[in-house]
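Take a look at the structure below.
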Amino acid sequence: LDTSTTQDMIYRQTAEECAKLCTEGVASCIFAYGQTGSGKTYTVTGGSQYDERGLIPRAITDVFKHLSQKEGECKVFISFIEVYQEACYDLLDQDK
């Protein structure tokens with residue numbers, strides 16, 4: 001991937017299948033790794049414009065889109081963790 005690659009292209013090439021598979025009972029993980037300043041946060045969370053959504057917002061949208069097409073009830077469990085200097089941070093914890 002290079003600097004002309006859009007958020008949509010990144011999602012389709014890396015995480016779209018994970019979102020679909022997790023609605024079929026397959027555990028999935030989207031993991032970004034790289035040096036400081038390499039664009040991990042932007043790729044995962046996205047920018048301020050709708051078309052700049054990152055992997056996580058796109059995956060959540062697709063998960064619920066796929067689940068809405070299934071019959072019955074489903075439970076969804078989501079974790080959003082940051083690992084920084086050997087410590088884990090729960091990015092969905094409202095108390096932190």
According to a hydrophobic-cluster definition based on side-chain heavy atoms being under 4.5 Å apart (Ile, Leu, Val, Met, Phe, Trp, Tyr only), do Leu55 and Tyr42 belong together? no
Rounded to the nearest 0.5 Å, what separation is found between the CZ atom of Phe80 and the CD1 atom of Ile30? 9.5 Å
Does any non-hydrogen side-chain atom of Ile78 lie less than 4.5 Å from one of Leu92? yes
Starting from Phe31, walk the hydrophobic network (Ile, Leu, Val, Met, Phe, Trp, Tyr; side-chain heavy atoms closer than 4.5 Å) and list everyone else you reach, by chain and number. Tyr33
Closest non-hydrogen atoms of Pro57 and Val44, given as atom of the first, atom of the second and distance, are CD-O, 3.6 Å
According to a 4.5 Å side-chain heavy-atom criterion applied to Ile, Leu, Val, Met, Phe, Trp and Tyr, with indirect links allowed, do Ile60 and Leu21 form part of one hydrophobic cluster? no
Just by distance, do the side chain of Thr14 and the backbone of Ile10 share a donor-acceptor pair under 3.5 Å? yes
Going by side-chain contact (heavy atoms from CB on, under 4.5 Å), name the residues that satisfy it together with Gln49, two or more places apart in sequence or in a different chain. Asp51, Glu52
Quick one: does Lys40's side chain have a donor or acceptor within less than 3.5 Å of a partner on Gly34's backbone? yes
Are any non-hydrogen side-chain atoms of Thr23 and Phe64 less than 4.5 angstrom apart? no
Summary of side chain to side chain donor-acceptor pair (under 3.5 Å) pairs that have at least one residue in residues 56-67, sequence neighbours excluded: Asp8-Arg58, Tyr11-Asp62
Looking only at heavy atoms, what is the nearest atom pair of Ser28 and Cys22, with distance? OG-CB, 3.6 Å
Assess whether a salt bridge exists between Lys20 and Glu16, defined as any Lys/Arg side-chain N lying under 4.0 Å from an Asp/Glu carboxylate O. no
Over all atoms of both residues, closest heavy-atom pair of Gln7 and Thr43: OE1-CA, 3.8 Å
